[in-house]
Amino acid sequence: MSSPNSDERVLTYAQAIAEAIQQEMARDPDVFVMGQGVDDAKGMYGTTLGLHEEFGADRNFDVPLAEDAMTGIGIGAALAGLRPIQVHQRMDFLLLCMNQLVNMAAKQSYMFSGAHAVPLVVRAVIGRSWGQGAQHSQAFHSYFMHVPGLKVVAPTTPHDVKGCLIAAIRDNNPVVFVEHRMLYGFKGIVPEEAYEVPFGQARRLTAGSDVTIVAISHMVVEALRAGHLLAERGIGAEVIDPVSLAPLDIATIAASVRRTRRLLVVDNGWLSCGASAEIVSQVVERLQGESTFRVKRLGYLATPCPTTRPLEQIFYPTSRSIALAAHELVHGAGAPTWTIAQDDPREIVEFKGPF
Amino acid sequence: MLNPDFETTVTSVYRTMYLIRRVEQEIIRLYPTDKIKSPVHLSIGQEAVAAAVCAHLTVRDVVFATYRGHAAYLAKGGDLNAMMAELYGKAGGCARGKGGSMHLVDASVGMVGTSAIVASAIPQAVGYAFAKKVRKRPGIVVNFFGEGATDEGAFHESMNFAALKALPILFVCENNSYAIYSRVEDRLAGPGLCARAEAYGIPARRIEGGGVLDLLDAAAEAIGAIRVGSGPRFLECETYRWHDHVGPGDDRQYRTGCEAELDSWIATDQVAALAERLDRTIGEAARRAVEQAVEIALAAAIDFAEDSPYPPEQEIFDHVFAQ
Ligand SMILES: Cc1ncc(C[n+]2csc(CCOP(=O)(O)OP(=O)(O)O)c2C)c(N)n1
């Protein structure tokens, strides 16, 4: 890489989150952070370190283990004009917040015809299991995509995570902010000044004319790896990161599929009623009658996540399974088989916590 | 004057505590080999609670516990080979490798299950006690959880129902002062944990200092009362975990100001204290024989785990639904 200057400052994904929060808290005294462990020595994977020293204990504080009520308390504070950022070490715990998020936060603006706004950010960490099993490895972005009144974003790069988080904090609506733990160490160029990455704009990460691969969160990383494998076989993959899931930029995806006539959606979640189902149906609604195309989806197997390594490895899509699925879309099921060695990515092999 | 029955109980409690301690020390030893590819929440320092409570249980009594469940599983008589194999993710594991350390189970001895979502097994334990009562089945339910779990709404809602229906359940709150790195004083308003149960009319008792004989005594009294149908009981057992919240590490660096606290708990280690007592009662040779039997079983369990195969890939689809 060339010599670093101010526009080429490199941060990790975790540092980009930390910077977004710090800058917004400095800009707006109404912004604060609440969550289990946010003020401890590990500071939520380093993303909330130093905030209580800089802004005081009222603006970055630990909470009792009471997700349901704490979510409601955040909503109440937001109704009164504060702008809470809540943090959950696992998205699995959001199931305890469901009533407050769906029945309360998502309804305040509509049910009272605009009398209220709930500027709430709910940061939810998802992961790849590493033996954490059925209750500590789930990604529920699709549950929230289902609900009018909630926004859902799942940025993949350090640049986008900073910009999306700032946009989420400034948004007057509840935003479920999905962070994949394995992205925290990934580095990328992040401008120093505060900026917003607007919701509802997908990113085309690579250009290709043979297959469109839409991937969510950490699956973007796997899809890019698959893109390299496919290139070796002369297949051009166009990898698209939706970044924001609700609202969803279906126009960018549909435009790509119109050209490639092949769509592979790779979710970091289950397929049934999931984000992949939504993306495919919206593309079909746009392009039916105008273009014919082939479709395939990959995601978690239709089981809870097992802890043991050999089963866990087949539970998740990988660069290999993505490449094979794309290959099949291009050449058909009858095409000569393509053997790709299993190559476990570094961030997965090396991950042993922290939790 | 020795009461032979009591001394037999104490010896068996020592065996359980020694077993839990040694199993977890072996987990720490094995962890760097990466054969246990999963988070472990150790109970070293907390062994006395599960050992003392379960000493009063029979196979008709059932236990619900948490992700920090090794101690309860072993104290309830859970199969050691199956536990080690489960940690290794092997087909010989108690959940055939699908559960891991956080989800130990051994239905054959009444170890119903463990949950990694804080407080989420409390209502289930109450529901099980409800079923025992309405079906007039013998035995009681014991539910282990940390003090952090008492913050959750599910804890309070469950206390109320258990009291309302006078259910045969013992709530055992292991107060180790921390939820991860968060101190209990920073989360708990009001006069303390026992008051949280007493508010619903549940008799509650706090056992300070972690002494295993005190725990044995308090558990005997509470369980005796539950067995004669007087409804739920709550025990707050003061204790301390010596290792990090998760993993084999030491977390002195994260628990600021806890140095002296941890050292004082290590100084009153109940495994060592009970060993000394046994040396005075049954004699050192007999105490060593108890330990030797545990060592043999433990070595065999590790061999069992090593030798057990991984589950075949097609098993991933098994048991999504019950048959
Ligand atoms: C509902 C829920 N919230 C948060 C967590 C994350 N978490 C796991 S263990 C733990 C601390 C629990 O402390 P305590 O109940 O005292 O039990 P201990 O770990 O000390 O045995 C927390 C916050 C979780 N697993 N479930």
From CA spacing to verdict: side-chain contact (heavy atoms from CB on, under 4.5 Å), A:Lys42, B:Ile180: CA-CA 11 Å; A:Lys42 288 186 177 166; B:Ile180 310 186; over 6 Å; no

Residues A:Thr303, B:Lys98; criterion side-chain contact (heavy atoms from CB on, under 4.5 Å); working and verdict: CA-CA 11 Å; A:Thr303 74; B:Lys98 282 183 174 158; over 6 Å; no

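Counting heavy atoms from C-beta on, the side chains of B:Ile117 and A:Leu95 never come closer than 4.5 Å. No side-chain heavy atom of B:Ser182 sits under 4.5 Å from any side-chain heavy atom of A:Gln36.
Under a cut-off of 6.0 angstrom, the local environment of CE in A:Met104 is sparse, with at most 12 non-hydrogen atoms contributed by other residues, nucleotides or ligands. Counted within 6.0 Å of OH on B:Tyr128, heavy atoms from surrounding residues, nucleotides or ligands total 12 or fewer; the atom is thus considered open. Heavy atoms of other residues, nucleotides or ligands lying less than 6.0 angstrom from CG of B:Asp263 number more than 12.
Among B:Arg187, B:His245, B:Lys37, B:His319, the residue making the largest number of heavy-atom pairs under 4.5 Å with chain A is B:Lys37. Heavy-atom pairs under 4.5 Å with chain A were tallied for B:Gly97, B:Gly100, B:Pro311; the largest tally goes to B:Gly97. With chain A as the partner, the residue from B:Met102, B:Glu313, B:Lys90 showing the most heavy-atom pairs under 4.5 Å is B:Glu313.
The parts of B:Ala116 that come within reach of chain A are both its backbone and its side chain, each placing non-hydrogen atoms under 4.5 angstrom from that chain. Residue A:Glu67 touches chain B through both its backbone and its side chain, counting heavy-atom pairs closer than 4.5 Å. For A:Phe61, no part sits under 4.5 Å from any heavy atom of chain B, backbone or side chain. Using a 4.5 Å cut-off between heavy atoms, A:Asp62 contacts chain B through its side chain alone, with no backbone atom that close. Of the atoms belonging to B:Thr150, not a single heavy atom falls under 4.5 Å from chain A. Contact annotation for B:Ile36: only backbone heavy atoms (N, CA, C, O) come within less than 4.5 Å of a heavy atom of chain A. With a 4.5 angstrom heavy-atom cutoff, A:Leu65 touches chain B via backbone and side-chain atoms both. Using a 4.5 Å cut-off between heavy atoms, B:Ile316 touches chain A through backbone and side chain atoms alike.
Closest approach of A:Ala302 to B:Val320, counting heavy atoms only: O-CG2, 4.0 Å. Here the closest non-hydrogen pair linking B:Ser38 and A:Gly131 is CB-O, 3.4 Å.
Considering CZ of B:Phe317 and CG of A:Leu301, their distance stands at 4.5 Å, rounded to 0.5 Å. Taking CD from B:Glu86 and OG1 from A:Thr307, the interatomic distance works out to 5.5 Å, rounded to the nearest 0.5 Å. Between the CD atom of A:Gln135 and the OG1 atom of B:Thr114 there is a distance of 8.0 Å, given to the nearest 0.5 Å.
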